Trainee: 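Here you go, one structure.
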Amino acid sequence: MKWENFRFALFEKAPEALWEHSLIVVITITLAILISVPLGIFLSRPKFKKFGLVTLNILNLLQAVPGIAVIALALPILGLGMEPAIVALMFQSLLPIVRNTIAGLLGVSSDVKEAASGMGMSQRRILIEVELPLAVPIILSGIRTATVYVVSMGTLASLIGAGGLGNLIMGGLSLFRPEYLLVGAGLGALMAIFLDRMINYLEQRITPPSMGAE
Amino acid sequence: MTLSDFTSFLMKNSKTIMEYSENHFTLVLLAVGISLAIWVPVGLLLTKSDKWAARVLALANTIFCIPSLSMFAILVTIPMFGLGRKSALLALVLYAMMPLIRSVYDGVKNVDRNVIEAARGMGMGTRRILIEILVPLGMPIIFAGFRITVVMTTGIAAIATYIGERNLGRFIQEGLIRSNTPMMVTGALIISAIAIGLDTILGLVEKRIVPKGLRISR
């Protein structure tokens, strides 16, 4: 291992790769949240329960498809670059968030909802002021799963030209430069672990003490 | 790409497909076998100590976060492992740690305490309680973890093609390099079909082996 290579990878290559990777993760997760939370709310309404089961099954099936296959299928359909990668990753990050939104909303005790409606709250206000706040910890845990997944699969997105830390790792593998591998892979691992810890911390901060898990 | 591209690719390359599939399944079988042999006993052991359970589960969680490509890349730089099967196996076994330990631990811990007490009252020893009460009653959760492990391992194994495994991931790798779309898409479709197939079959098994009263609703 040469210090020179290591320094080059860390200071010349890594900042850009890290920036691209963060961009992919932030955009993908933001889009996934914007789509799946409303979808989860919609599917948890009693009227659409049947529809919800079908959607969940389809998303479950999508989830079983390995990430590398998703990336490979995105190329002929969507083309090269960052946008196709983001769309492909977004599709797979929907399931954990939709599932947890539904689970969180359905988990709110019916006594609480009845009390709220007894106080004269409309269905809408109950959703916004009672159900959603109580479901937020569970929704966040779904977002955490999705985020870790996107960081992980984001390293493969470099295969279809999306850039990111995968560029460093792939470059390191093809030139066999262990320094590139360590920098790219190490930063990827740290990023995933950091985001996981951070969202986990948020989850715990936001959970009302009386609802804390065990 | 049309359907005829797809079928002609399948016909022309049936031999390679067979070879890659064989390699793929060997790797997955080995990895799942080793993982079961290590992590199930560890999970059972952890039910004895809450302090250690918390520590080991936190470690498993952290390992599970590491991107798969990163994991392979880091292992490759360790001289003892290097490019090839050893690194691939170790990475897959490390990933299986989280779902397997977690499900064995949760499965056993979720068994009703009264049932255990009743068994003890009947004069069963710790070992018999484990084999005849805890494992069968914990089976639904344990099997769900096993299912996740198998499907996940099948998918991640494909990425091991980048560290020298000659398996189904290679179609994707080579297809990308040569911009050979039929090759790439066929590879992706075969892997997806296997993963979805395994998930479905194990899902059916899961329903069969679980006593009716114990089925988890999803």
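Chain A is the first sequence line, chain B the second, and so forth, proteins listed ahead of strands; every chain is numbered from 1. Note: hydrogens, waters and symmetry copies are ignored here, and every other heavy atom, side chains too, is used. Computed from a predicted model, the values in this text were never measured in an experiment.
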Trainee: Hey, what do you get for SG (C65(B)) to CG (L195(A)), rounding to the nearest 0.5 Å?
Mentor: 9.0 Å
Trainee: Between atom CD1 of I193(A) and atom OG1 of T62(B), what is the distance when rounded to the nearest 0.5 Å?
Mentor: 5.5 Å
Trainee: Looking at E19(B), I want to see if its CD is surrounded by more than 12 non-hydrogen atoms of other residues, nucleotides or ligands under 6.0 Å.
Mentor: yes
Trainee: If you tally heavy-atom pairs under 4.5 Å against chain B, which of N60(A), I169(A), L168(A) wins?
Mentor: I169(A)
Trainee: Give the member of A185(A), A192(A), G166(A) that has the highest number of heavy-atom pairs under 4.5 Å with chain B.
Mentor: A185(A)
Trainee: With only heavy atoms counted, which part of I190(B) is less than 4.5 Å from chain A, the side chain, the backbone, both or neither?
Mentor: neither
Trainee: Provide the closest heavy-atom pair for I172(B) versus A69(A) in the form atom of the first, atom of the second, distance.
Mentor: CD1-CA, 4.2 Å
Trainee: Does atom CD of E174(B) have more than 12 heavy-atom neighbours, drawn from other residues, nucleotides or ligands, at distances under 6.0 Å?
Mentor: yes
Trainee: For F51(A), look at atom CZ and say whether over 12 heavy atoms of other residues, nucleotides or ligands are found less than 6.0 Å away.
Mentor: no
Trainee: Is L176(B) close to chain A through its backbone or its side chain, or both, or neither, when contacts mean heavy atoms under 4.5 Å?
Mentor: side chain
Trainee: Against chain B, label M191(A) side chain, backbone, both or neither, depending on which of its atoms sit under 4.5 Å from a heavy atom there.
Mentor: neither
Trainee: Should we say atom CZ of F176(A) is surrounded by more than 12 heavy atoms from elsewhere, each under 6.0 Å from it?
Mentor: yes
Trainee: Measuring heavy-atom distances to chain B, does Y180(A) have an atom under 4.5 Å in its side chain, in its backbone, in both, or in neither?
Mentor: neither
Trainee: Where do A188(B) and A72(A) come nearest, in terms of heavy atoms and distance?
Mentor: CB-CB, 3.8 Å
Trainee: Where does I68(A) contact chain B at under 4.5 Å (heavy atoms): side chain, backbone, both or neither?
Mentor: both
Trainee: Ignoring hydrogens, what is the shortest heavy-atom contact between G188(A) and S70(B)? Give both atom names and the distance.
Mentor: CA-OG, 4.2 Å
Trainee: Minimum heavy-atom separation for I66(B) to A189(A), with atom names?
Mentor: CG2-CB, 3.8 Å
Trainee: To check you understand the geometry: which heavy-atom pair defines the closest contact between P76(A) and V185(B), and what is its length?
Mentor: CG-CG2, 3.6 Å
Trainee: Checking side chain to side chain contact (heavy atoms under 4.5 Å, CB included) between L69(B) and each of T155(A), L181(A), L165(A), which is the one that passes?
Mentor: T155(A)
Trainee: Hey, is NZ on K86(B) packed in by over 12 heavy atoms from elsewhere, all under 6.0 Å?
Mentor: no
Trainee: Side chain, backbone, both or neither: which part of V76(B) has a non-hydrogen atom closer than 4.5 Å to chain A?
Mentor: both
Trainee: Is I191(B) close to chain A through its backbone or its side chain, or both, or neither, when contacts mean heavy atoms under 4.5 Å?
Mentor: both
Trainee: Top residue by heavy-atom pair count (under 4.5 Å) with chain A, among A193(B), A73(B), G169(B), G187(B)?
Mentor: A73(B)
Trainee: Does a side-chain heavy-atom distance below 4.5 Å link T181(B) with L75(A)?
Mentor: no
Trainee: Counting only heavy atoms closer than 4.5 Å, note whether L83(B) contacts chain A via side chain, backbone, both or neither.
Mentor: side chain
Trainee: Could you tell me which portion of I160(A) (side chain, backbone, both or neither) has an atom closer than 4.5 angstrom to a non-hydrogen atom of chain B?
Mentor: side chain
Trainee: Just verifying a value: how many Å separate M153(A) CE and I159(B) CD1, rounded to the nearest 0.5 Å?
Mentor: 4.5 Å
Trainee: Can you name the closest pair of heavy atoms from Y162(B) and L173(A) and give their distance?
Mentor: O-CD1, 3.8 Å
